[in-house]
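Okay, structure first, notes after.
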Amino acid sequence: MKGYKLAKTPITVTYGDGIGPEIMEATMKILNAAGAELDIETIEVGEKVYLSGYNTGIKPESWDSLRRTKVFLKAPITTPQGGGLRSLNVTARKMFGLYANVRPCFSYHPFIKTKHPFIDVVVIRENEEDLYAGIEYRQTRQVTTALKLISRPGTEKIVRYAFDFARSNGRKKVSCFIKDNIMKITDGLFHKVFDEIGAEYPEIEKDTWIVDIGAARLATVPESFDVIVLENLYGDILSDVIAQMAGSVGMGGSSNIGDEFAMFEAIHGSAPKLAGTNTANPSGLLLGAVMMLVHIGQTDVAAKVHNAWLKTIEDGIHTYDLKDDVQGKEPLGTKEFADAVIDRLGELPNTLKAADYTSLPEQKTEKYKEIKHNPERKDLVGVDIFLDWSNGSPDDLGNMLDRIKADNLVLQSISNRGVTVYPKGSRNITCSDQWVCRYKNTEIGMFVTHNNILDLLGKIRESGFDFIKIENLYNFDGVEGYSK
Ligand code: NAD
């Protein structure tokens, strides 16, 4: 018995809230019947745990199970409304460095009605950075800001993951969505890294799209995409759009991948109104579990489950959420749907493409290794000083600042809400109370010191101004590292 147990892969499972227990029971029944070798630790997370006073929805001892197994199959949970409560998904993402969110989106034409019959797209969303780093400030009475953080290590990890995923899953193309015509530095970095890493995968086709036109194309010709890699915010929005285009929200599974830890779930929530009615569709969680089986190397069981499920769909068997999208048969309950999948274990679909996870190379799960670059020369050439000021016009402010003399730094321009308003600026914009005053070195080639900036700040403060933030301006190997 002991030897038998050792062959099993330890995983942590939670049954979640709302429809969670019903769809997890259905999923586990199918996995058991398919012969999945799992050593299951069950933990309680979600609503009850939140309400018993744990603001992350998980008890400290449950983290021990997750640290041990490093694999989490999670049913949806309900996050109660209320201040101070933190999303369990966000906490798990941060705690375990789950940098990649992977969401396959398919349409099951002609068996499930859809306006887009040929969707077969995997969205790979960066999960840790971008505006989701959650770094926000209220700087003045009128102005709030959020920091869009895109790093080279974070981008290298997600882009490499996307290309490795494509290679390991027999995918032909990786598309990158960015907005680097506007965000030249942040999205520009994402684009640059995509080109650099993409060059290491010559057999995979690549293309890049400005996110707005790319999204429009995705909505109209989804079959022209294969794998898409995106920053966090674009990925959040577009993965929901494409999942919805492909069919019912109950049908999508997803994974969250880190260097050592991975979490698998359905894309939908806990649908509390359906709880206890035996009507929920277990497919999203089941397809999440299939991704988990691939991740832990049980690829033959993964294919067996996936193919039995595809055959079930082909046979017109469905749950209540699809009653208007499937013709012919009456919908089945959650349990009965699971039994129908079990009855088809060992069968292959006839029309839909059969899943095959065994003939493909295993996806590498190496720890991130930074691409080595010669360190660039970094020169301080100026500073943007942010002021909270509301006592006059742009010219009034400019004239006051021009009178402040500091070593090695001279006022070059003032902008408000991203538009230059001094010395020769737009006269037609509505100004807020936040002003960005750009100081540059007095002579090209002469570098600024931190003491120059401290001296200038002291003088600005002595003149009665409230500086709320500074942002140093650097050149990297002579290339400006700041927007114009
Ligand atoms: P939801 O996804 O739970 O439900 C949206 C709609 O889809 C509802 O009409 C529901 O009936 C239907 N639906 C969802 N899953 C279904 C399934 N498997 N079968 C049939 N119909 C299904 O979204 P919501 O109502 O916005 O959120 C409910 C709760 O879920 C909230 O507390 C939210 O915080 C939570 N939530 C959790 C997760 C997660 O745990 N990963 C994700 C999203 C939402």
Side-chain angles (χ1 to χ4, degrees), residues 12-28 30 43-51 55-58 62 66 72-94 96 98 101-103 105 108 112 125 127 132 235-237 239-241 243-257 262-289 291-292 309 312-313 317-326 331-338 341:
T12 302
V13 168
T14 190
Y15 281 69
D17 300 313
I19 57 171
E22 291 159 77
I23 59 173
M24 184 58 88
E25 271 157 31
T27 298
M28 295 315 299
I30 298 167
I43 59 168
E44 195 184 348
V45 301
E47 196 170 19
K48 273 197 216 132
V49 183
Y50 278 114
L51 296 175
N55 74 343
T56 50
I58 179 166
S62 299
L66 293 169
F72 190 16
L73 180 61
K74 177 178 159 290
I77 62 165
T78 302
T79 310
Q81 302 289 315
L85 300 182
R86 303 211 330 249
S87 148
L88 174 62
N89 274 24
V90 174
T91 309
R93 217 159 61 205
K94 291 196 168 157
F96 294 113
L98 303 177
N101 178 241
V102 182
R103 204 181 259 202
C105 304
Y108 300 98
I112 296 177
R125 162 188 170 196
N127 225 1
Y132 288 67
D236 190 7
I237 298 166
S239 59
D240 268 13
V241 171
Q244 197 65 50
M245 279 165 59
S248 155
V249 68
M251 304 276 280
S254 83
S255 63
N256 289 275
I257 304 288
M263 180 167 87
F264 302 86
E265 59 183 345
I267 62 169
H268 59 76
S270 58
K273 285 188 189 147
L274 299 183
T277 59
N278 189 39
T279 54
N281 188 346
S283 302
L285 186 59
L286 184 68
L287 294 179
M291 295 171 87
M292 178 195 75
W309 179 84
T312 310
I313 297 296
I317 293 168
H318 60 281
T319 40
Y320 289 88
D321 52 320
L322 296 173
K323 67 178 181 330
D324 298 328
D325 303 323
V326 179
L332 295 187
T334 313
K335 286 185 189 146
E336 293 72 23
F337 181 85
V341 176

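Remember, it's 1-based here, ligands and their atoms both numbered in the order they're listed.
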For Thr279 and ligand 1, does the shortest N/O to N/O distance drop below 3.5 Å? no

Could you tell me which atoms of ligand 1, counted from 1 in the order shown, lie closer than 4.0 angstrom to a heavy atom of Asn89? 41 (N)

Contact with ligand 1 for Ile23, non-hydrogen, under 4.0 angstrom: no

Answer yes or no: is there a donor N or O on one side and an acceptor on the other, between the side chain of Asp17 and the main chain of Pro76, under 3.5 Å? no

Rounded to the nearest 0.5 Å, what's the gap from CZ on Phe337 to CG on Leu332? Could you check? 8.0 Å

Looking only at distances, can you tell me whether any N or O atom of Gly269, backbone or side chain, sits closer than 3.5 Å to an N or O atom of ligand 1? yes

Check whether the side chains of Thr79 and Ser87 place a donor and an acceptor atom closer than 3.5 Å, and report yes or no. no

Ligand-residue contact atoms, ligand 1 with Pro76, heavy atoms, under 4.0 Å: 40 (O)

Sub-4.0 Å atoms of ligand 1 with respect to non-hydrogen atoms of Lys74: 39 (C), 40 (O), 41 (N)

Do you know which two heavy atoms are closest between Leu73 and Met24, and how far apart they sit? O-CE, 3.6 Å

Region of Leu88 that comes within reach of ligand 1 [heavy atoms, distance under 4.0 Å]: neither

Applying ring pair (Phe, Tyr, Trp, His ring centres under 6.0 Å) to Tyr108 and not counting sequence neighbours gives Trp309

Would you please say whether a donor-acceptor pair under 3.5 Å links the side chains of Tyr132 and Asp236? yes

Are the charged groups of Asp240 and Arg103 less than 4.0 angstrom apart, N to O? yes

Number the atoms of ligand 1 from 1 as they appear, then name those within less than 4.0 Å of a heavy atom of Leu274, with their elements. 11 (O), 20 (C), 21 (N)

Is there a donor-acceptor pair closer than 3.5 Å between any side-chain N or O of Asp321 and the backbone N or O of Ala280? no

For Pro272, the atoms of ligand 1 under 4.0 Å from one of its heavy atoms are 28 (C)

Any N or O of Ala271 closer than 3.5 Å to N or O of ligand 1: yes

Indicate yes or no: does an N/O atom of Ile267 lie under 3.5 Å from an N/O atom of ligand 1? no

My understanding is that only residues two or more places apart in sequence, or in another chain, count here; which of them pass ring pair (Phe, Tyr, Trp, His ring centres under 6.0 Å) with Tyr320? none

Show me which atoms of ligand 1 lie under 4.0 Å from any heavy atom of Ile77. 30 (O), 35 (C), 36 (N), 37 (C), 40 (O)

Quick one: which ligand 1 atoms are inside 4.0 Å of a heavy atom on Glu265? 41 (N)

